[in-house]
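No hydrogens, no waters, no symmetry mates; every other heavy atom, side chains included, goes into these values.
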Amino acid sequence: MCGIAGMAAGTNVSQKLLRSIAALEYRGYDSCGMAVQRNGAIDIRKNVGTVEAVNSLERFTDMKGLVGIAHTRWATHGGVTQANAHPHADNESRLAVVHNGIISNYKELREKLAREGAAFRSETDSEVIAHLVAQKIARNGQDVEEGFVEAIDELEGTFALAVISIDAPGRIFCVKRESPLIIGLGDDANYVGSDFSAFFEFTRRAIIMEDGEYALITPESYAVKSLLTRERVDKEVTEIEWDAEKARRGGYPHFMLKEIYDQPTTVQAALQIPREDIQSLAGMIHESRQCFLGGVGTTYYIASMGQYFFSRLGGRFLPVVSTDEFAHIAEIGPEDGFCAISQSGETYDTLSALRHAKGSGARTAGIVNMMGSTLVRSVDVPILQGAGPEKCVISTKTALSQAVILLLASMELGLLTGRLSEPEVASLREEVASLSDLVLETLNERSGYFHAAANAHQHMKNWLYLGRGIYYPAALECALKMKEVTYLHAEGMSAGFLKHGTISLIDENMYTIVLMPTPEEAELHALTRSSAEEVRARGGFVLGYRFEGDEVVEGLFSEEIVLPRVSPLLAPFLHLVSGQLLAYFLAVALKRDVDRPRALAKSVTVA
């Protein structure tokens, strides 16, 4: 949820540290701060607001020192205040700490430390770490490493954290337990961060820390050790393969719009995933007695779309479970499979579901965009999306990529089940390849209609998205996009569900968007059309998204946006793009913080 950055260098670190937390801001942006060590003292500056706003107040770039840590916060314990912002210090400001995660026993530790003289300035669980580490260092004759490790042994919960101390100048101490932490190796400096974004601008060489490991970082060296044995652990160096240009905004007003426009390339990247990797996923599903699909939020809705692909093309029904509920409902065993879907590969709920599945002996797979993430390293069958960095908190291109990968996997499963022949799969893959141009046409030639609709209807506070069949989970995802970025009430549902209660909400204060199937899907088309007619009959406003050539629905809607002619296989993807565009333009019209919506974070690493 929060972003951690740290740097030990031969030159002043403040400028690079500032750029590091700015790059991590998608992980949280309630507040931020930096701590830099110099001449036997630690300079801590922090405040409420975005990195840019806090820098203008606190002047991070004026800080001087060769080692420092920084943090951007998504609040969990304590309100959004300057005191609760990170870094936190001990009584004498001999050390500073930044923390991501939750210390589950912080109340007991806080009470104990307070009785022993710790003066707490914040409401956070994180400040406990600073006082505990300081106490342990003092009791170990100012041996920082020994005190640090002893303190970590007393902490319960999930966390990644980094500490600097005047008793160990030029060093960063960091540790990982179920929250991501990665070391970056530079030519004249070494780094630590919550993910690659923290130091991607400065180096492509990384060390991925595992749970139960801690590290000591200096400008010239690093050492990763086991918390259990204190022995050094040999680590493999990972080369980051992302294109740096893809992490920049490139002239677009927001990362969200830029990433929406990245999607034609995203489709091509999904098609370039080695076919044998997709076949491995299909093979795991085929060999499983039952195979669950899991995600949470957007990835849950994408998994639900995949359920339709696997049923139609693969001949298998795959249960889909939101990963926050997986352990409470899924009956899974050694004969079963579990495929987790995650943008970051660090989502707490999804990793918890994965641990539950692995603990039951099930085979596991993951569709993930972040290389080197915990999920990638934990599953039997990893699929790396290759969609490139996604900086906006709102997931767009990674979601579309995941849907394409599930479609490709369903084709390979159809080959294994006998539902499809090899020539049919080859033909379907060619059809999927055409999606790139269809998305591009939608963006270049139809986005203006969504912009106009957003400007015309920005006054409306309540929206329904309706769809049938695979367009139902597409409607759920479109509604989520609107909620996330506009802060408006939006609800997605099956169009058939409408008449079983929700239709009572239809009035002048509720607008409805209908995702029409293609005319070739005759039954679905008729059923969806009927639901639109029900809303109109009750005086409701209906904005219809239909495809070129669909003359049956002409005149049915209050307003309509016509999408390019498309096959039934690819139609749901254009509806996903449509939902993204309307949500984006509404958010702009309402003057929302598009790339950093309130109360959200890109990587949700707490329960």
Problem - Aromatic ring proximity, centroids under 6.0 angstrom, Phe338 and Phe326 - result: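 Yes, ring centres under 6.0 Å apart.
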Practice task
Among residues two or more places apart or on two chains, list those pairs meeting salt bridge (charged side-chain N to carboxylate O under 4.0 Å, His left out) that have a residue in residues 470-482.
Solution key: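 Sorted result for residues 470-482: Glu477-Lys481, Lys481-Glu484.
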Handout entry: Side-chain touch Met371/Val376, heavy atoms, less than 4.5 angstrom
Key =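 A side-chain contact is absent here, since even the closest heavy-atom pair is not under 4.5 Å.
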Exercise for the section: For residues Phe60 and Val54, determine if any side-chain heavy atom of one lies less than 4.5 Å from a side-chain heavy atom of the other. Expected result: yes
Using distance only, find each side-chain donor-acceptor pair of residues 509-519 under 3.5 Å and give its atom names and separation, not counting sequence neighbours.
from: Thr518; atom 1: OG1; to: Glu520; atom 2: OE1; distance (Å): 3.3
from: Thr518; atom 1: OG1; to: Glu521; atom 2: OE1; distance (Å): 2.9

Could you tell me whether [X] atom [atom1] has more than 12 heavy atoms of other residues or ligands within 6.0 Å of it?
X	atom1	result
Glu239	CD	yes
Gln268	CD	yes
Tyr449	OH	no

Problem - Glu548: salt bridge (Lys or Arg N to Asp or Glu O under 4.0 Å) partners, not counting sequence neighbours - result: Arg446
Handout entry: Residues forming a salt bridge (Lys or Arg N to Asp or Glu O under 4.0 Å) with Asp437, sequence neighbours excluded
Key =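 In terms of salt bridge (Lys or Arg N to Asp or Glu O under 4.0 Å), with neighbours along the sequence ignored, Asp437 is linked to no residue.
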Handout entry: Ion pair check, Glu259 and Lys397, cut-off under 4.0 Å
Key =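 No, Glu259 and Lys397 are not salt-bridged.
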Give every donor-acceptor pair under 3.5 Å between a side-chain atom in residues 580-588 and any protein atom, sequence neighbours left out.
from: Gln580; atom 1: OE1; to: Gln263; atom 2: NE2; distance (Å): 2.8
from: Gln580; atom 1: NE2; to: Gln263; atom 2: OE1; distance (Å): 3.1
from: Tyr584; atom 1: OH; to: His254; atom 2: ND1; distance (Å): 2.8

Completion exercise
Those residues at least two apart in sequence (or on a different chain) that pass side-chain hydrogen bond (donor to acceptor under 3.5 Å, both in side chains) with Glu325 are none
